[in-house]
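Report on one structure; see the data block that follows.
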Amino acid sequence: MSPVPAYDPQAIEAKWQDRWARAHTNEPDLDRPRQPFYNLMMFPYPSAEGLHVGNMFAFTGADIYGRFKRLQGYDVFEPIGFDAFGIHSENYALAVGTHPAKLIPRNIDTFRRQLRRFGGMFDWRHELSTTDPRYYKWTQWIFLQLFHAGLAFRKKAAVNWCPKDMSVVANEQVINGYCERHPDTKVEQRFLEQWFFAITRYADRLLANLDRLDWSDSTRTLQRNWIGRSDGAELVFETPAGARVTAFTTRPDTVFGATYLVLAPEHPLVDEVTAEEQRRAVNAYRREVAAKDLVSRRVGDKTKTGVFLGSYARNPATGEAIPIWIADYVLMEYGSGAIMAVPAHDRRDYEFATSFRLPIRQVVRSDEPLPSVSPDGVLMNSGRFDGLPCREAHGAIVAWLHTRGLGAPKVQYRLHDWCISRQRFWGPPIPIIYCDRCGPVGVPVEDLPVVLPLIEDFRPDASGVSPLARHREWYYVRCPQCGGEGRRETDVSDTFLDSAWYHLRYPSTEFDDRPWDPQRTKTWLPVTSYIGGNEHAVLHLLYSRFITMVLQELGHVHFEEPFPKLRAHGLIIKDGAKMSKSRGNVVIPDAAIGTWGADTFRMYLMFLGPFQEGGDFREDGITGIRRFLDKVWPLAHHARDAGSQPLPLAVARKLHQTIRKVTADTEGLDFNTAIAAMMEYINLVRDEGGVVGPEAVEPLLVMLAPYAPHLAEELWAALGHGESIFGARWPGYDAQLAAAGDVEIVVQVNGKVRGRVTVSRGATEAHVLERALQDESVRKFADGNTVRKTIYVPDRLLNLVL
RNA sequence: GCCCGGGUGGCGAAAUCGGUAGACGCAUGGCACUUAAAAUGCCAAGGGAGGCAACUCCCAUGCAGGUUCGAGUCCUGCCCCGGGCACCA
């Protein structure tokens with residue numbers, strides 16, 4: 001036998017990465033694919049620290065899947081890019097005093113180097129960066145599509161203002177009242193003119209479509225809860241003066257127990273229904289609430305406060321006059337900004353009624369102390385509806401009130417419109433020009449992109465105006481409509497707008513005259529498989545879906561759901577905590593790849609635990625993967641010398657069983673068990689003598705190729721193949737052979753294991769029973785008793801019940 | 001408070017349908033090779049009890065019950081950990 005060369009991962013990995021690049025191995029023909037497969041992973045934000053093991057974990061899993069599909073005969077398009085705009089980059093730039101336009105290219109260089117080194121099957125011809133004017137030109141174009149369709153509008157609204165970022169942040173970026181990026185900084189309430197996208201108009205479609213998407217359940221649930229549909233009714237409470245107060249409730253069945261009304265302090269009807277003698281107290285309370293920030297109002301002190309307006313409204317069910325109050329526990333932005341208070345059956349109303357000594361009337365029978373909130377009860381004190389179960393009463397009472405014009409069914413969503421304005425500068429300028437005569441005017445398409453000017457002083461200030469306003473030549477501009485004096489919008493758009501459409505751009509990056517090429521889009525989209533983390537379950541994924549729906553309606557794309565198949569991977573944590581710079585537990589994979597090689601590291605990440613669950617990163621155990629590859633290495637080299645030879649039956653059977661399992665597991669992203677199966681195969685081959693022909697090794701190499709692509713290529717070449725292993729086909733298996741062989745059947749007596757018999761697969765119950773009764777220990781337990789019943793599970797188990 | 005996950009050896013974890021709990025791997029111990037160490041190979045190994053031993057028995061999947069011939073898996077009630085939402089009417 002010829003000597004086996006040493007396995008030197010660094011050398012062979014560099015060699016194959018170079019060959020792939022030169023041979024364009026990873027670049028499918030985008031115009032004439034036979035079987036297109038768009039394999040997408042969530043593009044990274046190129047941070048200054050570099051790609052960490054969390055990113056690499058996600059990319060490795062997605063890359064394995066893409067390579068697997070490639071071996072199954074698909075033309076796999078696996079693009080990568082950089083989500084490089086946004087407040088993170090800007091804040092980092094501010095901290096180090098270097099302009100992000102200088103920092104970002106450096107960071108991208110680092111990421112690009114890391115992404116090449118780990119061996120991703122990326123098509124680098126189609127790399128993109130959201131900060132490239134060639135890209136954000138079309139981000140702005142999308143804004144204009146929404147603007148012209150009436151889906152982008154300005155609204156003065158209470159917004160979340162982060163005093164550290166000195167910018168508005170989206171509801172999604174507020175965690176428990178604190179800024180997502182600055183966990184020690186409370187977000188304040190400010191009233192500003194902002195651009196919003198009317199995503200709430202799509203709430204029902206976004207929700208309903210979830211049922212027919214092939215997505216991880218975890219992601220679907222997160223999105224469903226975020227949209228937050230509530231089915232209820234709007235009920236009308238009339239005042240003697242003729243004002244009609246509408247209250248949204250999910251429990252119209254309890255309307256007989258509504259003993260007072262509460263309006264949000266900002267409710268437009270407050271002035272009208274306030275009695276003169278209460279006006280001073282009411283105004284004082286409203287000022288007090290307005291001075292509070294969103295934090296203390298929403299999550300801070302939840303002690304109930306409020307003021308009686310001095311007036312009354314009629315309960316539409318009982319006809320009684322009930323007092324009207326304002327209180328800050330009622331929020332203007334949800335429902336109608338007014339509630340009917342049913343203190344007997346709502347915790348908050350109960351608390352409020354107790355502290356202000358308001359009447360409490362029980363209308364649902366319950367054994368529990370009040371407030372009893374369960375919707376599974378029977379009505380009482382509800383006139384003709386007494387005795388009706390709540391769930392039936394719900395519809396019956398709404399129908400009854402409806403006939404009298406005092407109520408109607410209503411569906412309410414928790415989802416808010418998407419505020420996209422950011423008072424910062426590191427983003428695509430919102431392409432709007434304000435004209436005193438014409439109002440806000442969209443920048444004409446031929447003037448796009450509105451290039452982000454490279455200002456020297458990019459620090460934000462507390463004015464709430466973007467630093468871009470200081471750039472005079474940029475700021476003052478002619479109105480495209482009337483030619484008069486105009487001023488540019490100085491806010492930039494939310495980063496999530498950049499990432500809401502990147503999947504549309506990838507196949508069309510070479511076109512500058514269109515956002516995406518219609519033919520390419522028809523060929524490659526929607527995305528065949530999308531793999532990413534649940535940290536984007538509600539932001540990125542919801543916004544992408546919304547933008548795609550709009551584009552579909554406007555005739556720009558032919559589908560309304562961009563990601564028909566999505567799988568969420570787990571999170572890699574370190575020492576029990578999420579990796580973050582502030583915790584100082586970020587692990588950069590470069591050192592480990594340097595020590596072990598990319599192949600070992602890739603497989604190790606996948607062997608750490610289930611891909612869809614994630615796990616705690618630690619390096620002990622990586623030697624197990626390396627030992628495995630060290631066993632594959634000589635086996636393949638010896639196979640060439642051994643030459644073609646029939647496989648021993650045990651090896652053949654195990655091979656086909658392994659193919660069956662690795663195929664199913666890789667398809668299901670169960671990479672850890674697929675790797676275990678390949679290890680078992682190698683262990684068996686070694687137990688059987690250790691020298692086998694190419695018949696036993698080549699299928700293994702193909703299965704291994706997605707996991708350890710460089711090593712697989714090297715060994716494939718060593719076996720005499722001139723072409724890349726990724727031109728090979730995924731092996732099939734012989735189901736008969738995989739299933740054949742002897743099986744060990746467990747013999748139980750009264751459910752306890754008492755013996756085992758080995759029979760050939762598919763043996764009859766009678767035969768197994770006969771064999772079982774010969775077993776000494778079975779007899780010990782069974783003898784002298786009559787077997788009342790036997791339970792036989794073919795090929796698995798026989799249970800004798802005495 | 002509500003909605004999702006999850007809890008299995010010293011550790012990471014396996015276990016279509018309810019059917020041999022602990023595959024695969026790490027760490028550990030012993031042996032071989034070696035002047036020695038590393039590497040490698042072979043063997044052992046959930047806990048407990050009995051036995052010189054091969055072996056035998058009992059207990060074990062967060063806790064307490066239940067259904068079943070049989071429960072890690074199904075049902076009921078709890079405890080703990082992770083994530084999401086939260087004065088959302």
Side-chain angles (χ1 to χ4, degrees), chain A residues 175-177 216-226 228-230 232 247-251 254 262 264 297-304 327-331 333-342 345-349 351-352 373 412-416 534-535 537-538 570-571 573 576-578 604 607-610 612-625 627-628 630-631 664 668 670 672-680 682-683 686 743-753 755-756 777 780 788-802:
Chain A
I175 315 288
N176 286 333
S216 296
D217 285 334
S218 57
T219 315
R220 270 204 292 218
T221 304
L222 285 167
Q223 224 170 76
R224 213 171 266 133
N225 292 345
W226 188 262
R229 177 183 164 122
S230 293
F248 174 73
T249 177
T250 53
R251 294 294 301 278
T254 62
V262 189
R297 178 151 176 202
R298 287 198 173 170
V299 284
D301 181 10
K302 288 190 181 173
T303 313
K304 297 287 179 290
D328 69 352
Y329 81 94
V330 175
L331 309 171
E333 63 274 20
Y334 188 76
S336 58
I339 62 155
M340 65 171 202
V342 186
H345 306 294
D346 181 280
R347 242 173 237 115
R348 298 148 302 177
D349 297 344
E351 200 185 309
F352 191 81
V373 298
Q412 183 65 44
Y413 295 96
R414 205 197 66 95
L415 183 70
H416 294 280
N534 264 342
E535 67 271 22
V538 286
L571 205 62
I573 55 175
K578 207 166 152 175
Y604 179 59
F607 197 59
L608 213 55
Q612 300 187 62
E613 283 169 39
D616 205 309
F617 182 80
R618 68 220 164 253
E619 243 182 272
D620 36 316
I622 196 165
T623 52
I625 294 291
R627 282 177 196 151
F628 166 69
D630 280 339
K631 290 175 196 170
D670 297 321
N672 55 334
T673 48
I675 292 169
M678 290 189 272
M679 287 174 166
E680 280 190 57
I682 275 282
N683 292 345
R686 287 161 60 90
V743 285
E744 192 178 59
I745 292 190
V746 167
V747 182
Q748 296 183 335
V749 179
N750 285 338
K752 285 196 197 268
V753 180
R756 294 179 170 82
S777 64
K780 198 167 98 193
R788 285 195 293 124
K789 189 173 158 192
T790 61
I791 287 136
Y792 180 59
V793 183
D795 301 334
R796 279 192 175 272
L797 165 145
L798 178 74
N799 189 9
L800 308 179
V801 185
L802 304 181

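Letters A, B, ... are given to chains in the order of the sequence lines, protein chains preceding strands, and every chain is numbered from 1.
Whole-Å rounding puts the A/Q223 CD to B/G84 P distance at 15 Å. B/C87 atom C1' lies 11 Å from atom CD of A/E333, rounded to whole Å. If you take CZ of A/F617 and C1' of B/C11, they are 15 Å apart, rounded to a whole angstrom. When the C1' atom of B/C4 is taken as reference, atom CG of A/L222 falls 7 Å away, rounded to whole Å. Between the CG atom of A/D670 and the C1' atom of B/A13 there is a distance of 13 Å, given to the nearest Å. In this structure, the CD1 atom of A/I339 is 14 Å from the P atom of B/C87, given to the nearest Å. Distance A/R414 CZ to B/C3 P: 16 Å, rounded to the nearest Å. B/C4 atom C1' lies 10 Å from atom CG of A/N534, rounded to whole Å.
Nearest heavy-atom pair across A/I339 and A/D349 is CD1-OD1, 3.5 Å. The shortest non-hydrogen separation linking A/A247 to A/S336 is CA-OG, 3.5 Å.
Note on A/R686: only backbone sugar-phosphate atoms sit closer than 4.0 angstrom, heavy atoms only; bases stay farther off. Across all strands, A/S230 comes closer than 4.0 Å only to sugar-phosphate atoms, never to a base (heavy-atom distances).
For the P atom pair drawn from B/G7 and B/G12, the interatomic distance equals 12 Å after rounding to whole Å. On the P atoms, B/C63 is 37 Å away from B/A89, given to the nearest whole Å. One P atom belongs to B/A37, the other to B/U28, and the distance between them is 15 Å to the nearest Å. Taking the P atoms as reference points, B/A60 lies 10 Å from B/G72, given to the whole Å. A distance of about 16 Å separates the P atoms of B/A86 and B/C3, rounded to the whole Å. Comparing the P positions of B/G41 and B/G82 gives an interatomic distance of 40 Å, to the nearest angstrom. Here, B/A14 and B/U40 have their P atoms 26 Å apart, quoted to the whole Å. Rounded to a whole angstrom, the distance from the C1' atom of B/A23 to that of B/U16 is 15 Å.
Without hydrogens or angle criteria, A/Q612 side chain to A/G668 main chain gives a donor-acceptor distance under 3.5 Å. A donor-acceptor contact shorter than 3.5 Å is absent between the side chain of A/R348 and the backbone of A/V330.
Ion pair A/R627/A/D630 not flagged as a salt bridge, since none of the NZ, NE, NH1 or NH2 atoms sits closer than 4.0 Å to an Asp/Glu carboxylate oxygen.
At a threshold of 4.5 Å between non-hydrogen side-chain atoms, the residues A/R414 and A/N225 do not count as touching.
Considering only the side chain of A/D328, B/C87 comes nearest among B/C87, B/A89, B/C69. Closest to the side chain of A/W226, from the set B/C3, B/G41, B/C85, is B/C85.
Applying the 90° criterion around 0 to the glycosidic angle, B/G9 comes out syn. In textbook terms, a nucleotide whose glycosidic angle is within 90° of 0 is syn, and B/C17 is one such case.
Few gaps surround CZ on A/R618; more than 12 heavy atoms of other groups in view lie less than 6.0 Å from it.
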Completion exercise
Given protein heavy atoms under 4.0 Å, the one-letter contact record of nucleotides 16-26 of chain B, with B base, S sugar-phosphate only and - none, is simply ---BB--BBSS
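A search for side chain to side chain donor-acceptor pair (under 3.5 Å) contacts involving A/T250 returns nothing, not counting sequence neighbours.
Helical stems involving RNA chain B, defined as 3 or more consecutive Watson-Crick or G-U pairs under 3.5 Å, span B:1-7 with B:79-85, B:10-12 with B:24-26, B:28-32 with B:40-44, B:46-50 with B:55-59, B:62-66 with B:74-78.
For the pair A/K304 and A/Y329, the cation-pi criterion (under 6.0 Å, within 45° of the ring axis) is fulfilled.
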Exercise for the section: Might you work through the side chain to side chain contact (heavy atoms under 4.5 Å, CB included) test for A/Q748 and A/I791, ending with a clear yes or no? Expected result: CA-CA 9 Å; A/Q748 296 183 335; A/I791 287 136; over 6 Å; no
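Checked options A/T673, A/I622, A/I675; the residue passing with A/F607 is A/I675 (criterion: side-chain contact (heavy atoms from CB on, under 4.5 Å)).
Along RNA chain B, the nucleotide nearest A/Q412 and the nucleotide nearest A/E613 are compared for position; the residue whose nucleotide lies closer to the 5' end is A/E613. Each of A/G335 and A/D630 has a nearest nucleotide on RNA chain B; the 5'-most of these lies closest to A/D630.
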